[in-house]
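Okay, so here's the structure we're looking at.
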Amino acid sequence: MKVVIIGGVAGGATAAARLRRLDEQADIVVFERSGFISYANCGLPYYIGGTIEEESDLTLQTPESFWKRFRVKMNVHHEVMAIHPDNKTVTVKNIDNGTIFTEGYDKLVLAPGAKPIKPSFDGADSDKIFTLRTVEDTLKIKNYANAHQPQSAVVVGGGFIGIEAAENLRDLGMDVTLVEAANQLMAPFDRDMASFIHAEIRKNGIHLMLDTMVEGFADTDCGIDVKLKAAQTLHTDLVILAIGVAPETALAKDAGLELGIKGSIVVNDRMETSIPDIYAVGDAVQIKNFVTGEDTLISLAGPANKQGRIAADNICGGDSHYTGGQGSSVIKIFDMTAAATGINEKTAKALGIAVDKVILSPMSHAGYYPGGRMMTLKVLFEKDTYRLLGAQIVGFDGVDKRIDVLATAIRAGMRATDLTELDLAYAPPYSSAKDPVNMAGYIIENIRNGIVKQWHYEEDEMLPRDGSVTLLDVRTAMEYSKGHAKGFANIPVDALRDHIGELDNSKPVYVICQSGLRSYIASRILMSNGFDTYNFAGGFRFYDAVRNDKALSKKSTLCGMDD
């Protein structure tokens, strides 16, 4: 059996290695257009910033090492020009010498990946504008920075690559501006949770411009101008475009394969395309969202590796199936970690799913053990069924392990209330006896059982301030004096029973504290005394973060840049 694989990196290289492990006699040939067959995409920004010091550390395998271990013919600088399904051949060009030849196959695996989106703006062909997708892209940026010592940079796009590029350029000492067309960074997160990401970006000296569209570029004698819609032109030394990627599927289209959303390759759960004996994996394929069942694109290394393995299994006579992706992801943002899995609230509402949520701010480990830091969790579930839909976490320690627990719970089909049953490891340096994931489950269980009712940030502006409801802040007087929500009176929770007679139990009571714990206790006191009470989800810490971010984002949009 002869298998030809178009593309290396995650999906293609994984498929090649798995094929060899399953079939020692197979003839396996890989064609990769770039000069690198298997490399760490996710590490590329950190080489620019110097965290990863050696270029060689980016390369996971070379053609020579792959041949030595797997006896797979890895051909770099070879571009497949056409696929001919009728006679099972591909036309290949050797980029180094221009030679064009034909290669036959019994099975074909497409792993072309995705290409950076580069709009046809005026001036977009400037040699001061870069994208960041391959090792070659990384080396161009690194070499340019070494040669020209740029003092400033503009990064366009606030996804994973944009944020990581901005952080690493900032680590090099550059004055960095991050421009994003949407009203938030990091689309997998809801706007409220993104507030913490925005704050960390600003805290580290990056100018953040949200709701800002780029209209074009113009080279100058000493840099490049970035022209913005309804905002002042930015002058900078270099630009990185990180506004997203698109499936690279021209070959598949020309070969007559069925295409899906955004031109992606349609595959079944065995990673088979619409043409027999042709498989496709990675960023170029359309998959199912595990939570919603909807068609989607997920450009992440984890799914690509799984798909490469599944395609190889099936080529070798197995029966492996890809059950969909849920977009589990994590990103370092200076000292902060942000992670998400499943769908967010915005997506759930757009799909008509009856969604509910809890927001909590627990410590990363036991409070009495030194070094604990607060994190914020948002867990989404379906009303009535309590099916877990997704989760988002921002914090500093322990974020990654909590998102992995929640991702596993979603994959296992657990209900949100089942989170209380998880038997998670505990020792004071690592967690609390009631882990943050357990705590989310307890809150959801309380909601289900009617023990607590919630109110949320988006309801704040609708709350009447005319005395028809009671607005109560149960933090200490000192905390209250440092900032509070408009119209909220202060009665500390420990004094609430002494003052309960002063409150009108015919009025609904909306309660808030710093993290949500004391206001929950206050809610129980009030409900037990006949009050209709609602506890604020997330606490004043969350409320203040969202409020401040909205104010700063509006200011930066109006003024053209953060002060």
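Throughout, residue positions are numbered sequentially from 1 according to the sequence presented. Nothing here was measured: the structure is a model prediction, and the numbers come from that model.
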Problem - Side-chain heavy-atom pair N344, T347 within 4.5 angstrom cut-off - result: yes
Problem - Side-chain heavy atoms of W455 within contact of N535, under 4.5 Å - result: no
Problem - Residues Y369, M363; criterion side chain to side chain contact (heavy atoms under 4.5 Å, CB included); working and verdict - result: CA-CA 11 Å; Y369 188 89; M363 295 291 285; over 6 Å; no
Handout entry: Flag for H456-E459: side-chain donor and acceptor within less than 3.5 Å
Key = no
Exercise for the section: Measure centre to centre between the rings of Y144 and F130, then say whether the value is under 6.0 Å. Expected result: yes
Problem - Donor on one side chain, acceptor on other, T417 and E445, under 3.5 Å - result: no
Problem - Presence of salt bridge, K357 and E345, under 4.0 angstrom - result: yes
Exercise for the section: Mind listing the closest non-hydrogen atom pair of I393 and L406 along with its distance? Expected result: CD1-CD1, 4.2 Å
Practice task
Please identify each residue that fulfils ring pair (Phe, Tyr, Trp, His ring centres under 6.0 Å) with H484, with sequence neighbours left out.
Solution key: Y480
Problem - Candidate pair Q151 and D175, rule side-chain hydrogen bond (donor to acceptor under 3.5 Å, both in side chains), full reasoning - result: CA-CA 6 Å; Q151 300 301 302; D175 184 48; over 6 Å; no
Practice task
Calculate, to the nearest 0.5 Å, the distance between atoms CG and CG belonging to N505 and L526 respectively.
Solution key: 10.0 Å
Handout entry: side chain to side chain contact (heavy atoms under 4.5 Å, CB included) between V358 and F381, intermediate numbers included
Key = CA-CA 9 Å; V358 295; F381 57 95; 4.2 Å; yes
Handout entry: Pairing of D532 and K453 as salt bridge, 4.0 angstrom limit
Key = yes
Exercise for the section: Answer whether the closest heavy-atom distance between the side chains of Y457 and I359 falls below 4.5 Å. Expected result: no
Problem - D356 and Y386: CA distance, side-chain angles, deciding distance, side chain to side chain contact (heavy atoms under 4.5 Å, CB included) verdict - result: CA-CA 9 Å; D356 204 350; Y386 292 90; over 6 Å; no
Problem - Side chain to side chain, H198 and L208, heavy atoms closer than 4.5 Å - result: yes
Practice task
Please list, chain by chain and in numerical order, all residues satisfying side-chain contact (heavy atoms from CB on, under 4.5 Å) with K229, sequence neighbours excluded.
Solution key: M213, E215
Problem - SB check K378 D192 (cutoff 4.0 Å) - result: yes
Problem - Flag if over 12 foreign heavy atoms under 6.0 Å of CG, D466 - result: yes
Exercise for the section: Take atom CD of E502 as the centre, draw a 6.0 Å sphere, and report whether it contains more than 12 heavy atoms from other residues, nucleotides or ligands. Expected result: yes
Handout entry: Minimum side-chain heavy-atom gap R415-L388 below 4.5 Å
Key = no
Practice task
Go through the structure and list residues passing ring pair (Phe, Tyr, Trp, His ring centres under 6.0 Å) with F540, not counting sequence neighbours.
Solution key: Y543
Practice task
With rounding to the nearest 0.5 Å, note down the distance linking CZ in F334 to CZ in R170.
Solution key: 7.0 Å
Exercise for the section: Check whether the side chains of R475 and S519 place a donor and an acceptor atom closer than 3.5 Å, and report yes or no. Expected result: no
Exercise for the section: Determine whether S553 and R202 make a side-chain contact, defined as any pair of heavy atoms from C-beta on separated by less than 4.5 Å. Expected result: yes
Exercise for the section: Determine whether more than 12 heavy atoms belonging to other residues, nucleotides or ligands lie under 6.0 Å from atom CG of D423. Expected result: no
Practice task
Please determine if D460 and R465 form a salt bridge, counting it only when a charged side-chain N lies under 4.0 Å from a carboxylate O.
Solution key: yes
Exercise for the section: Would you name the heavy atoms of L44 and L58 that are closest together and state the gap between them? Expected result: CD2-CD1, 4.0 Å
Exercise for the section: May I ask you to check if R411 and F290 form a cation-pi contact, with NZ or CZ under 6.0 angstrom from the six-membered ring centre and within 45° of the axis? Expected result: yes
Completion exercise
Between I451 and M527, the two heavy atoms sitting closest are O-SD, 3.5 Å
Problem - N168 side chain vs I48 backbone, donor-acceptor pair below 3.5 Å - result: no
Practice task
Could you tell me whether K262 atom NZ has more than 12 heavy atoms of other residues or ligands within 6.0 Å of it?
Solution key: no
Practice task
Look at the side chain of T236 and the backbone N and O of A153, then say whether any donor-acceptor pair between them is shorter than 3.5 Å.
Solution key: yes
Exercise for the section: Mind listing the closest non-hydrogen atom pair of G123 and I129 along with its distance? Expected result: O-CD1, 3.5 Å
Handout entry: Side chain S515, main chain S361, donor-acceptor under 3.5 Å
Key = no
Practice task
Decide, yes or no, whether a salt bridge links D404 with K401 under the criterion of side-chain N to carboxylate O below 4.0 Å.
Solution key: no
Exercise for the section: Please confirm whether the backbone N or O of G223 pairs with a side-chain atom of T220, one donor and one acceptor, at under 3.5 Å? Expected result: yes
Problem - Salt bridge present between E167 and K332 (N-O < 4.0 angstrom) - result: yes
Practice task
State plainly whether the residues K203 and E200 are in salt-bridge range, i.e. N to O under 4.0 Å.
Solution key: yes
Handout entry: Test: K142 cationic atom under 6.0 Å from Y47 six-membered ring centre, within 45° of axis
Key = yes
Problem - Nearest-0.5 Å distance, CD1 of residue I163 to CE of residue M336 - result: 11.0 Å
Exercise for the section: Please determine if D549 and R191 form a salt bridge, counting it only when a charged side-chain N lies under 4.0 Å from a carboxylate O. Expected result: yes
Exercise for the section: State which residue, out of V474, V511, I512, fulfils the side-chain contact (heavy atoms from CB on, under 4.5 Å) condition with F488. Expected result: I512
Practice task
Answer whether the closest heavy-atom distance between the side chains of L132 and P45 falls below 4.5 Å.
Solution key: yes
Handout entry: N/O donor-acceptor pair under 3.5 Å between H207 side chain and T177 backbone
Key = no
Exercise for the section: Take L234 and D225 through the side chain to side chain contact (heavy atoms under 4.5 Å, CB included) test and state the conclusion after the steps. Expected result: CA-CA 6 Å; L234 300 174; D225 286 339; over 6 Å; no
Fill in the blank from the handout: Of all heavy-atom pairs linking G159 and M186, the shortest is C-SD, 3.8 Å
Exercise for the section: For the residue pair K486 and L471, establish whether any side-chain heavy-atom pair is separated by less than 4.5 Å. Expected result: no
Problem - Electrostatic pair D283:R133 at N-O distance under 4.0 angstrom - result: yes
Handout entry: Spacing of N289 atom CG and T292 atom OG1 [to the nearest 0.5 Å]
Key = 3.5 Å
Problem - T533-S523 side chain donor-acceptor pair, cut-off 3.5 Å - result: no
Handout entry: Separation between CD1 of I298 and OG1 of T296, rounded to the nearest 0.5 Å
Key = 5.0 Å
Exercise for the section: Mark yes or no for whether N305, through its side chain, and A301, through its backbone, hold a donor-acceptor pair below 3.5 Å. Expected result: yes
Completion exercise
Residues K288 and G293: closest non-hydrogen pair is CD-O, 3.4 Å
Completion exercise
d(I261 CD1, D295 CG) to nearest 0.5 Å is 6.0 Å
Exercise for the section: Decide whether S431 and R402 meet the rule of one side-chain donor and one side-chain acceptor closer than 3.5 Å. Expected result: yes
